[in-house]
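The next block holds one structure in the form of structure tokens; read it before the comments.
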Amino acid sequence: MEFSSRARQRHTRLAGDRRDPYPHSLQFYQEPPTESISLAEFESFAVDRLRLLKVVENLGVSHVRSSDLYKTKLEAEFRRLKFPYRALAEDDYDARRKDHISHFILRLAYCQSEELRRWFLQQEMDLFRYRFNELTEGLRQKFLEHVNLKFEAVSMLLPGFLRAQDIPVSSSVGLSDAVDLFRARRVFIKDGFAFVPLKDIDAIVLNNYRQKLSKALALTARSLPSIQSDERLQPLLNHLSHSYVGPDYSAQKNTGKISLEHIDALSVKSFPLCMRQLHRALRDNHHLRHGGRMQYGLFLKGIGLTLEQALEFWKKEFIRGKVDADKFDKGYAYSIRHSYGKEGKRTDYTPYSCMKIIMSNPPSQGDYHGCPFRHSEPELLKQKLQSYKIPPSGIAQILDLVKGMHYQLACQKYFELTHDLDDIGFSLNHPNQYFAESQKLLTGGRELKKEPSHLGNSQQKSNSSQESMTSTSTPTSSNTTADAELEGLEAYFTED
Ligand code: SF4
């Protein structure tokens with residue numbers, strides 16, 4: 001892909017017959033896009049696909065994939081985000097183009113580690129499965145021809161298990177493509193041909209797609225060094241792979257609405273597990289190492305602690321441990337003021353999203369930051385959940401989700417169990433979203449009582465366009481600048 005301001009102009013010229021580049025609504029994504037594209041379009045396409053993949057992940061663990069509800073919800077998301085969801089009419093060129101380009105952008109972003117690759121592959125496979133199964137018989141045949149997977153339909157009876165069915169036979173698909181069916185004894189091998197029931201053909205196509213995509217991700221990963229040297233691209237790709245596509249919870253709408261004496265109770269009722277763990281560790285040890293202070297400090301800021309409250313909160317706790325008041329004022333107070341945008345570059349730092357917590361800076365010995373669903377040993381997590389009175393069946397469900405690497409979904413399950421809900425009703429992406437949704441539920445949508453204090457006013461954010469604390473707000477654009485600046489802030493937190 002190229003990036004230039006002439007992108008649109010060139011694109012119009014290139015388009016020609018707009019059906020040519022995308023004869024099918026479905027693709028194996030074998031050819032990367034070659035047209036120019038603006039950085040703004042690059043980012044918006046990528047964010048939309050990421051949203052789609054997150055919905056795919058969410059639906060995949062909460063519904064049976066072949067159920068009507070799964071299909072209806074996924075189709076609604078396709079429509080909303082303007083991706084091709086079916087074999088649409090010829091005029092869906094823009095949707096097909098978006099589908100093509102966005103896939104390759106995320107491929108670049110998600111080839112960077114084994115964990116990212118596995119997540120991306122899983123969601124793309126589910127996406128493909130849904131779309132392939134939605135095609136009519138005629139369109140399936142056309143698609144298969146297009147991707148050189150030609151099956152020859154035969155009508156015959158085979159001994160024993162394939163009775164009275166139309167059985168396509170393929171000479172172009174090797175046994176490796178039918179390996180899952182072979183294991184399940186759902187394929188008949190004769191004279192070097194694999195005879196497969198028509199209804200199982202999707203397993204072969206999916207297997208073929210998985211192999212191609214898996215190989216393509218590995219190849220893309222090899223070209224990473226050259227991509228990483230592109231200073232425009234690398235921050236965007238990094239941001240996408242740690243991405244969170246929702247409000248940034250930097251809004252100060254709730255500033256001053258939290259009382260320090262309520263934090264203990266709130267940590268039990270409304271904090272996600274990561275923040276509950278950090279709060280407990282702080283109370284027990286009267287100290288948190290810098291990763292914990294960053295993660296927890298910005299979360300508290302996001303739920304409404306003013307700068308003065310934050311200084312008071314951290315100081316009270318730290319001087320109960322090994323840090324005296326003087327050391328706190330000289331060392332730690334500066335970094336807290338910095339995180340509130342009152343020192344240094346005066347950047348107003350935003351709380352970390354789940355993806356950032358899950359994907360970066362894993363905790364080491366003596367650290368309490370990170371995501372317990374991602375970073376705790378299953379046995380430890382189990383004990384923690386038991387101590388929080390989560391019922392055994394709920395713990396088993398959470399551990400299953402963790403095993404499948406669905407950390408945010410495990411957290412959603414924890415939310416449901418601790419709030420006595422059957423269905424959380426939102427997609428969890430951010431610890432502050434967890435808090436906001438919990439408070440909405442527990443207070444019946446009532447506003448938190450504002451603390452009568454002079455403290456809040458001085459903390460009102462000057463930028464009134466900031467988003468409010470609601471999970472339904474429009475997404476923010478990339479926080480890459482803020483991310484880069486955050487690295488600067490981390491330098492201030494060098495003391496353990
Ligand atoms: Fe915290 Fe997000 Fe992990 Fe939940 S999923 S514990 S909110 S980081």
Side-chain angles (χ1 to χ4, degrees), residues 50 53-55 57-58 61-62 115-116 119 241-250 263 266-282 288 291-303 350-363 367-378 380-388 390 394-395 397-419 421 424-442 469-471 479 483 486:
L50 196 51
L53 295 188
K54 284 183 183 263
V55 171
E57 180 190 25
N58 223 337
V61 292
S62 45
E115 191 168 14
L116 290 173
W119 183 85
S241 59
H242 296 165
S243 195
Y244 157 66
V245 283
D248 64 8
Y249 293 94
S250 63
I263 291 187
L266 287 172
S267 75
V268 174
K269 287 189 296 188
S270 290
F271 282 14
L273 202 53
C274 53
M275 301 304 168
R276 191 172 174 177
Q277 168 174 290
L278 280 164
H279 184 74
R280 191 67 263 146
L282 177 64
L288 281 180
R293 294 200 298 276
M294 293 284 291
Q295 184 175 319
Y296 191 38
L298 290 172
F299 168 79
L300 290 175
K301 178 186 171 192
I303 69 171
T350 55
Y352 293 172
S353 68
C354 293
M355 280 304 267
K356 182 168 176 66
I357 295 171
I358 289 170
M359 300 306 300
S360 48
N361 190 22
D367 283 332
Y368 293 91
H369 67 270
C371 169
F373 298 107
R374 166 66 183 86
H375 298 118
S376 293
E377 286 299 320
L380 255 174
L381 178 63
K382 187 176 168 186
Q383 284 171 25
K384 186 161 286 172
L385 294 169
Q386 281 167 340
S387 72
Y388 292 159
I390 304 294
I395 295 178
Q397 283 175 294
I398 288 176
L399 292 176
D400 264 359
L401 288 165
V402 167
K403 202 169 163 196
M405 301 196 309
H406 302 296
Y407 310 117
Q408 285 157 267
L409 298 178
C411 190
Q412 285 185 196
K413 181 51 72 186
Y414 173 77
F415 186 104
E416 287 168 3
L417 292 162
T418 49
H419 291 77
L421 292 174
I424 190 171
F426 64 91
S427 173
L428 178 79
N429 289 306
H430 202 295
N432 289 76
Q433 178 196 15
Y434 184 109
F435 177 80
E437 293 291 344
S438 169
Q439 281 294 297
K440 224 182 338 179
L441 264 173
L442 298 177
M469 276 180 75
T470 156
S471 62
N479 282 342
D483 275 353
L486 211 48

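Whatever order the structure lists ligands and atoms in, that order sets their numbers, starting from 1. Start at 1 with the first residue, then count along the sequence. Small disclaimer: the values here were computed from a predicted structure and weren't measured.
The line from CG of Leu428 to OH of Tyr434 is 8.0 Å long, rounded to the nearest 0.5 Å. A distance of 7.5 Å separates NE2 in His430 from CD1 in Ile357, rounded to the nearest 0.5 Å.
Near Pro272, with a cut-off below 4.0 Å to any heavy atom, the atoms of ligand 1 are 7 (S). Against a heavy-atom cut-off of under 4.0 Å, Phe373 is close to the following atoms of ligand 1: 6 (S).
Shortest contact from atom 3 (Fe) of ligand 1 to any protein heavy atom: Cys371 SG, 2.4 Å. The nearest protein atom to atom 4 (Fe) of ligand 1, hydrogens excluded, is given as Cys411 SG, 2.3 Å; this is a heavy-atom distance.
For atom 6 (S) of ligand 1, the candidate residues are Ser376, Cys354, Cys274; the nearest heavy-atom contact is made by Cys274.
Residues Tyr296 and His279 have side chains that bring a donor and an acceptor to within less than 3.5 angstrom of each other.
At a threshold of 4.0 Å, the pair Lys54-Glu57 does not count as salt-bridged, since none of the basic side-chain nitrogens sits closer than that to a carboxylate oxygen.
Ring orientation note: the planes of Phe299 and Phe271 are nearly perpendicular, at an angle over 60° on the 30°/60° scale.
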